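Read the structure below first, then the notes.
Bear in mind the structure is a predicted one, so any value in this text is a computation, not a measurement. A, B, ... follow the sequence lines: proteins, then strands. Residue 1 opens every chain.
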Amino acid sequence: MLRFWVLDVATEMEDGPVAWIWSIGEDGSRLIVKEPFRPVFYLTGGELERICTCLEASKELSISSFSLVERRLSGRSLRAVMVSVLTDELEGLAEKVRKRCGAEGVFEADIRASSQFLLRRGLRPSSWHAVEASESGAVKGYRVYRASGDYQRLERVETPRLRVLAFDSFFLAGRGTPKPEFDPVMVITAVTERGEVRQFSGDEKDLLRGFIDLVEGYDPDVIVGFNTNRRILPYLTERCRRLGFSLSIGRLGAEPRTSVYGHQSLQGRLNIDLYDLAEETPEIKLETLEEYSSYLGLKVEYDTIDEYDLAEAWDKERSRVLEYSTQRARGIMEVYRAVSDYIFSLSEITGLPADHVLTAATGFRVENYLMGLAMEAGELVPPRGEATYMTYAGGVVMEPRAGLHEDVAVIDFKSMYPNIMMKYNISFDTLSVEGVHRAPNLPHAFKEEAGFIPRALKRLLEERERARGLAEMHPEGSVERRVLEARQRALKVIANATYGYMGWTGARWYCREAAEATSAWGRETIRSAMERAKELGLEIIYGDTDSLFVRDDPEKIRGLLGWINEALGLEARVDRRYRKILFTEAKKRYGGLTDDGKIETVGLEIVRGDWSAIAKEAQLAALEAILKEGKEEAVRRIRETIKALREGRVPIKKLIIWKKLTKGLEEYEVASPHVKVAKRMIEAGWSVKPGDLVGFIIMKGKGRLYEKAIPYFEADPSRVDVDYYIEKQVIPPVARLLSAIGIPERTLMGLISN
DNA sequence: TTTAGGCATCAGGAGTACGTTGT
DNA sequence: ACAACGTACTCCTGATGCCT
Ligand SMILES: Nc1ncnc2c1ncn2[C@H]1C[C@H](O)[C@@H](COP(=O)(O)OP(=O)(O)OP(=O)(O)O)O1
């Protein structure tokens with residue numbers, strides 16, 4: 001038996017499609033496991049025997065074989081013709097066959113060949129397998145095996161030692177964002193996992209060739225960078241082409257290939273872009289390598305040079321640029337080390353290859369996970385439909401009791417929606433008018449027979465519990481803990497998103513009834529818990545969807561938790577205790593002092609990425625004073641902030657307001673500062689695209705706000721509109737906190753004039 | 001390539017009332 | 001006297017990013 005760890009899978013056309021499993025062997029060797037593979041689609045409806053006769057007569061098409069099989073569709077048994085084909089262009093062929101042979105439905109023709117291979121053969125990326133295989137030569141030094149028989153998943157959990165190359169690169173433009181048509185590569189710096197640094201600069205052709213040679217010589221399994229998918233790899237590829245050669249950094253010398261959703265695929269290697277990871281980390285508001293490193297608590301030094309100053313720095317302080325490039329490559333390696341386990345675990349859970357899982361949107365992670373289970377269960381994977389969007393009611397949110405409260409306990413249901421889906425067996429394949437589980441105030445019901453979705457959730461929740469347990473074994477602040485926390489959270493998001501997935505019109509298993517019923521039962525559950533809490537004499541201060549904030553009373557809370565467990569069959573727990581907690585009038589916003597002495601803020605401007613740092617700091621200072629010192633101190637601190645602003649003592653960086661461009665500039669209906677600034681930047685030659693953050697500063701002047709906003713890197717500190725920052729940034733968020741403890745806004749407005 | 005709904009907050013823009021100005 | 005204009009106000013909506 002050959003044992004191997006799956007790095008990546010590709011299908012290549014030889015005599016028909018062949019799956020190439022790029023792998024790491026037990027002895028650490030790099031190898032390729034090959035298996036001729038026949039992608040499959042199913043035909044249903046019509047007269048299946050006639051369809052078979054028709055297929056028999058269609059020998060000229062690339063059909064390898066076909067047979068009548070028993071499958072399931074939404075849980076119901078169904079006969080179908082399974083067609084195995086010799087091409088990786090399934091969709092066209094399937095449609096042709098369907099028409100010619102008079103079938104009604106086509107299933108699974110829209111799943112790409114390499115995905116099919118992974119899913120059908122039960123192969124999991126980023127995990128260990130065993131298979132009967134015979135050695136059959138070598139390609140470019142990689143031993144090749146022919147697999148025969150089924151793949152067995154092994155229990156081993158550890159990741160083999162991978163060769164990793166971290167790199168970063170800067171490009172040089174005379175004006176604005178560098179464009180690959182004109183502007184050369186200045187420098188590439190690469191670092192191996194042993195810490196060896198190689199820097200390439202000078203003649204562009206030489207430096208690119210140097211990098212290619214390094215990759216070929218070092219032969220990394222993983223190439224990791226920051227912003228490689230969207231920017232660096234396409235850029236380098238284009239530069240090489242223009243210089244008359246190709247960026248041959250694939251394992252058999254191929255160029256990077258643009259794959260699904262802007263991902264750059266490297267033959268036989270994993271291309272990992274840490275930017276993708278930064279983007280989905282909610283604590284990180286500004287997706288930069290620096291922010292990510294500091295979020296992880298890594299000790300990496302950066303002498304940062306802003307993108308907008310790079311060209312100038314290259315002229316004036318070249319050695320600093322080169323040094324920064326090295327720091328970045330080192331930092332990328334450090335971050336990779338910290339997060340690689342997380343990436344591989346996400347890949348293993350969802351069944352998506354490690355480099356694809358990071359670019360896949362949540363819905364597709366869920367879907368891929370479900371598809372794997374579906375194929376195991378013989379459940380046909382339906383095509384994506386075009387359901388019309390219909391909204392439905394979600395969770396209930398209580399009006400908070402505004403003000404400062406002492407000793408508040410937060411009671412929280414454990415994975416509420418997933419557990420509700422399991423309790424009431426909510427699934428697309430259990431929806432039935434005669435079902436025994438009838439959703440409150442809805443015409444939807446679900447039957448007893450174990451559903452597909454509850455089965456899928458069970459595994460996710462178990463895995464999450466495991467990750468949570470492990471996380472708690474590591475000290476707070478340690479890298480291990482952060483990574484396990486991230487895994488735990490990823491599993492929670494995938495589980496919750498399984499609920500949202502069924503309410504998503506783009507889902508293969510769209511089932512609005514299931515999603516709607518889940519939130520309806522959620523409302524019923526929290527309402528009954530609220531009632532019970534009141535009956536027990538608990539004082540409720542706030543609640544949102546699955547939580548109750550109550551005045552702490554351990555005895556009564558114990559009673560409530562016990563009741564929830566017995567009467568509702570769900571688990572709730574005290575998630576947190578606040579010594580003090582402050583609510584404004586608003587829902588979903590509060591800040592408190594926890595029992596272990598930490599300040600926690602939820603929803604307030606402090607946690608939002610679209611407020612200036614000065615405003616967020618001022619609000620935090622006020623909150624801290626309110627919780628720890630008193631009202632007077634809060635007012636004193638704000639007075640100090642305002643004074644500092646007036647006297648020009650606040651660094652310009654703290655005045656930047658960042659907002660994301662969420663769509664193309666033409667699509668905006670109303671003018672706004674960040675859109676205006678984006679337009680201005682584009683005119684100056686900078687590239688600003690949807691998904692980018694635009695940083696701006698408000699300057700003195702007349703007119704609308706958007707007329708006073710300029711790119712942050714053009715701001716002259718002496719012309720900043722200090723009044724705007726005082727009156728519209730600092731005061732309102734602070735005033736909302738203060739008014740909750742009875743200090744009228746006037747008190748702050750009085751501070752404006754001095 | 002879009003998991004869902006619920007929510008606060010801000011600024012722009014349309015509509016309106018009202019006062020001022022010029023003829 | 002009356003139209004044209006500017007300003008201040010209200011109300012609604014688009015936009016963003018958060019919470020669960
Ligand atoms: N990202 C999300 N997508 C869809 N539904 C969500 C999401 N986050 C939360 N919900 C819904 C479903 C959850 O069960 C419910 C309560 O959320 P929350 O308390 O944050 O987590 P949880 O109850 O699932 O886990 P925990 O065990 O950490 O409390 O709100």
Does the side chain of A:Tyr590 get closer than 4.0 angstrom to OP1 or OP2 of C:dT20 through an N or O atom? yes
What contact category does A:Ser519 fall into here, base, sugar-phosphate, or nothing, at under 4.0 angstrom with non-hydrogen atoms? nothing
Hey, does the side chain of A:Tyr668 come within less than 4.0 Å of C:dT13's phosphate (OP1/OP2), counting only N and O? no
Closest heavy-atom pair and its distance - A:Arg680, A:Ala709: NH1-O, 4.2 Å
Ranking B:dG13, B:dA8, B:dG6 by distance to the side chain of A:Ala393, first place goes to B:dG6
When all nucleic acid strands are considered with a 4.0 Å heavy-atom cut-off, which category describes A:Ala507: base, sugar-phosphate, or nothing? nothing
Distance in angstrom units between A:Asn368 CG and B:dT1 C1', rounded: 13 Å
Any A:Lys663 side-chain nitrogen or oxygen under 4.0 Å from OP1 or OP2 of C:dT16: no
To the nearest angstrom, the CD-C1' distance between A:Glu669 and C:dT13 comes to 9 Å
Any N or O donor-acceptor pair linking the side chain of A:Lys588 to the base of B:dC7 at under 3.5 Å? no
Measure the distance from CZ on A:Phe364 to P on B:dA4 and round it to the nearest whole Å. 11 Å
Report yes if a side-chain nitrogen or oxygen of A:Lys285 is closer than 4.0 Å to either non-bridging phosphate oxygen (OP1 or OP2) of C:dC18; otherwise report no. yes
Verify the contact: side-chain N or O of A:Tyr706 to OP1 or OP2 of B:dG13, cut-off strictly under 4.0 Å; return yes or no. yes
Heavy atoms only, 4.0 Å cut-off, all strands: where does A:Thr362 land among base, sugar-phosphate and nothing? base
Contact class for A:Gly500 (heavy atom, under 4.0 Å): base, sugar-phosphate, or nothing? base
Using whole Å, what does the distance between atom P of nucleotide B:dA8 and atom CG of A:Leu604 come to? 13 Å
Give A:Gly603 one of three labels, base, sugar-phosphate or nothing, depending on what nucleic acid heavy atoms sit under 4.0 Å from its own. sugar-phosphate
Just how far, in rounded Å, is C1' of C:dA15 from NE2 of A:His674? 7 Å
With respect to the phosphate group of B:dA8, does any side-chain polar atom (N or O) of A:Arg589 fall under 4.0 Å of OP1 or OP2? no
Rounding to a whole Å, what distance do you find between A:Asp575:CG and C:dC19:C1'? 14 Å
In this structure, is the centre-to-centre distance between the rings of A:Phe696 and A:Trp658 below 6.0 Å? no
Given atom CH2 of A:Trp521 and atom P of B:dA4, what is their separation to the nearest angstrom? 21 Å
Have a look at A:Arg384 and say if it touches a base, only the backbone sugar-phosphate, or nothing, with a 4.0 Å heavy-atom cut-off. nothing
A:Leu705 CG to B:dC10 C1', in whole Å, measures 9 Å
